[in-house]
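One structure is given here, and the rest of the page talks about it.
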Number of protein chains: 2
Amino acid sequence: MTEEEWTIPDVAVAVDLAVLTVRAEQLQILLVERGIEPFRGALALPGGFLASAREDIDGAAVRELAEETGLAAEDLHLEQLRTYGTPDRDPRRRVITVCYLAVVPNLPVPRAGGDADVARWVPVAEALDGPLAFDHSRIISDAVERARGKLEYTTLATAFCPAEFTVTELRRVYEIVWGEQLEPRNFHRKVTGADGFLVPTGEKTLRQGGRPAELYRRGPASLLHPALLRSRASSLEVTA
Amino acid sequence: MTEEEWTIPDVAVAVDLAVLTVRAEQLQILLVERGIEPFRGALALPGGFLASAREDIDGAAVRELAEETGLAAEDLHLEQLRTYGTPDRDPRRRVITVCYLAVVPNLPVPRAGGDADVARWVPVAEALDGPLAFDHSRIISDAVERARGKLEYTTLATAFCPAEFTVTELRRVYEIVWGEQLEPRNFHRKVTGADGFLVPTGEKTLRQGGRPAELYRRGPASLLHPALLRSRASSLEVTA
DNA sequence: GCAAAAGTGTTCGCGCTACACCCATGT
DNA sequence: ACATGGGTGTAGCGCGAACACTTTTGC
């Protein structure tokens, strides 16, 4: 911060959201079909420019999320992912975008909000297959990678679940996001043993066949001790 | 990205650097004394605004790092940390800053570069004690927390070491950054056993007493399997 | 009673911990 | 020879993997 103020170039700042959920036994992401150029008609992450020069960037993320999904900041996980600022990422002008990772449960899907764009859930595998607007393919990869990693050492998985959920539902989240099978017995022991992860409600599910399952709520812990490790990590991080 | 272009507020974009190293048996950070208002005379992270509307943000980080330390992008670790954009963080005007974490070895200290500000190393504990410019206290906390966490599951520790180093030097990095003692025998076994972490050079140190130590170079791996875990994690992450 | 799904007990083996010991060099 | 620091061997134990078994419901 040594330059004088009149030498500072102005830049447009956007906020984009990678909203993940588990639906229909698949990891899915919320995408919108762009109504304007560039990339008109292509799928893109929901997002937008700062509403005013005084809007907080975290606040802008919360606002966009509410506009696209109708969800408030409670009952969902929202964290900053990364900022993308390659000079040519938007052909119109210089734009840098601060991206956020959001994780929401499946059930509440009143996403057809007041926005003109039509938002819809797309399986991540399918989204990464087809072409996307801007560098959003890269952003989705980073978001999924972050979510996969955080399942190991945080309680992020509960953000994919409704307020009350069973151990088996939680295990399905891990299996679907990681793409690998887990031992039901060992998983059950680990998550019920991890301090502050799950709080039993005492209630049971109404089932159509089979033994009713215990219902749990998320506990106060946000970090897992010990961690819930995958058999093998597949990430490779490119830095700078 | 649904708004029209003429509604987009312009924002000044800065890049700040949290450059960490281990010096004199302490974790230290590179700080500059501010020469202008606001916070004139206070210590701050090195950084500055984008040099032009077309400069890449990662490129700006590399440029600033070279200006402040004389170090090139090779032989150091540089990764994006987080973007800070609270509306009031700079009293002059709206500024958001994209922050980077850099890790450099101790020896090369030709930091008195061409910049007018005087950069110097400050122990992290001391830096977090005194008042710092802007929200840089928070940024330093985040940077240190990130570095501590990454030592566990990546080969980041080698970035604190010179090109050739001994196992004991590497262990000192872990002990100083984590602030806890490690068992020399078990540490030695783990790091020499981790595939791609260390490459033996065949050379030995010249010592003034005691058995000469084997010298190693960093290996090609960037992720550790299995991880090198601390006894207890102390982080608590605040999200959004 | 049978099917379906949830929850439990127990062994096996790997990996980490802890600690004692040996090796190579300078003085 | 001895001090100094680097490297090594090994027993014990705790945790996770694997697998078979019991419990509780609907039909």
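By convention in this document, chain letters (A, B, ...) are assigned in the order of the sequence lines, proteins followed by strands, and residues within each chain are numbered from 1. The basis for the numbers below is simple: all heavy atoms, side chains too, and nothing from hydrogens, waters or symmetry mates. Remember, it's a predicted structure, so these values are computed and weren't measured experimentally.
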With salt bridge (charged side-chain N to carboxylate O under 4.0 Å, His left out) as the rule and sequence neighbours excluded, what pairs involving residues 154-166 of chain A come up?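 Every salt bridge (charged side-chain N to carboxylate O under 4.0 Å, His left out) pair that includes a residue of residues 154-166 of chain A, provided the two are not neighbours, is A:Glu164-A:Arg217.
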Consider the side chain of B:Lys190, meaning its heavy atoms from C-beta on, and name the nucleotide among C:dC16, C:dG7, C:dG9 that approaches it most closely.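 Ranking C:dC16, C:dG7, C:dG9 by closest atom to the B:Lys190 side chain puts C:dC16 first.
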Under the criterion ring pair (Phe, Tyr, Trp, His ring centres under 6.0 Å), I'd like the reasoning laid out for A:Phe187 against A:Tyr174: C-alpha separation, chi angles, the key distance, then a yes or no. CA-CA 10 Å; A:Phe187 182 84; A:Tyr174 276 92; 5.4 Å; yes
Indicate yes or no for a side-chain donor-acceptor contact from A:Glu169 to the backbone of A:Thr166 under 3.5 Å, with no hydrogens or angles considered.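 Side chain of A:Glu169 to backbone of A:Thr166: a pair is present.
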Donor-acceptor contact below 3.5 Å, side chain B:Thr155 vs main chain B:Leu223: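 Answer holds: no.
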I want to confirm an ordering. Mapping A:Leu215 and A:Asn186 to their closest nucleotides on DNA chain C, which one lands closer to the 5' end?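 Upstream on the strand: A:Leu215.
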Can you tell me how far [atom2] of [N] sits from [atom1] of [X], to the nearest Å?
| X | N | atom1 | atom2 | answer |
| --- | --- | --- | --- | --- |
| B:Leu228 | C:dC16 | CG | P | 9 Å |
| B:Leu182 | C:dC19 | CG | P | 15 Å |
| B:Arg211 | C:dC23 | CZ | C1' | 4 Å |
| A:Arg189 | C:dG9 | CZ | P | 9 Å |
| A:Glu183 | C:dG7 | CD | P | 16 Å |
| A:Glu214 | C:dG7 | CD | C1' | 9 Å |
| B:Glu152 | C:dC16 | CD | P | 13 Å |
| B:Lys204 | C:dC23 | NZ | P | 14 Å |

Outermost nucleotides of DNA chain D that come under 4.0 Å of a non-hydrogen atom of chain A: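 Answer, 5' to 3': D:dG16 to D:dG26.
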Cation over ring face, B:Arg82 and B:Tyr84, 6.0 Å, 45°: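 B:Arg82 over B:Tyr84 ring: yes.
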On a plain distance test, is the side chain of A:Arg185 in donor-acceptor contact with the base of C:dT11 below 3.5 Å?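 There is none.
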Taking atom types as modelled, find out whether A:Asp16 and A:Thr97 have a side-chain donor-acceptor pair closer than 3.5 angstrom.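 Indeed, the side chains of A:Asp16 and A:Thr97 share at least one donor-acceptor pair under 3.5 Å.
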Base, sugar-phosphate, or nothing: which does B:Thr166 touch, judged by heavy atoms less than 4.0 Å apart?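 If one applies the 4.0 Å heavy-atom cut-off, B:Thr166 turns out to touch nothing in the nucleic acid.
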Select base, sugar-phosphate, or nothing to describe what A:Thr168 touches, counting heavy atoms under 4.0 Å on all strands.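 A:Thr168: backbone/sugar contact only, no base atoms under 4.0 Å.
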Intermediate values then yes/no, salt bridge (charged side-chain N to carboxylate O under 4.0 Å, His left out), B:Arg138 and B:Asp142: CA-CA 6 Å; B:Arg138 161 84 192 285; B:Asp142 291 349; 3.3 Å; yes
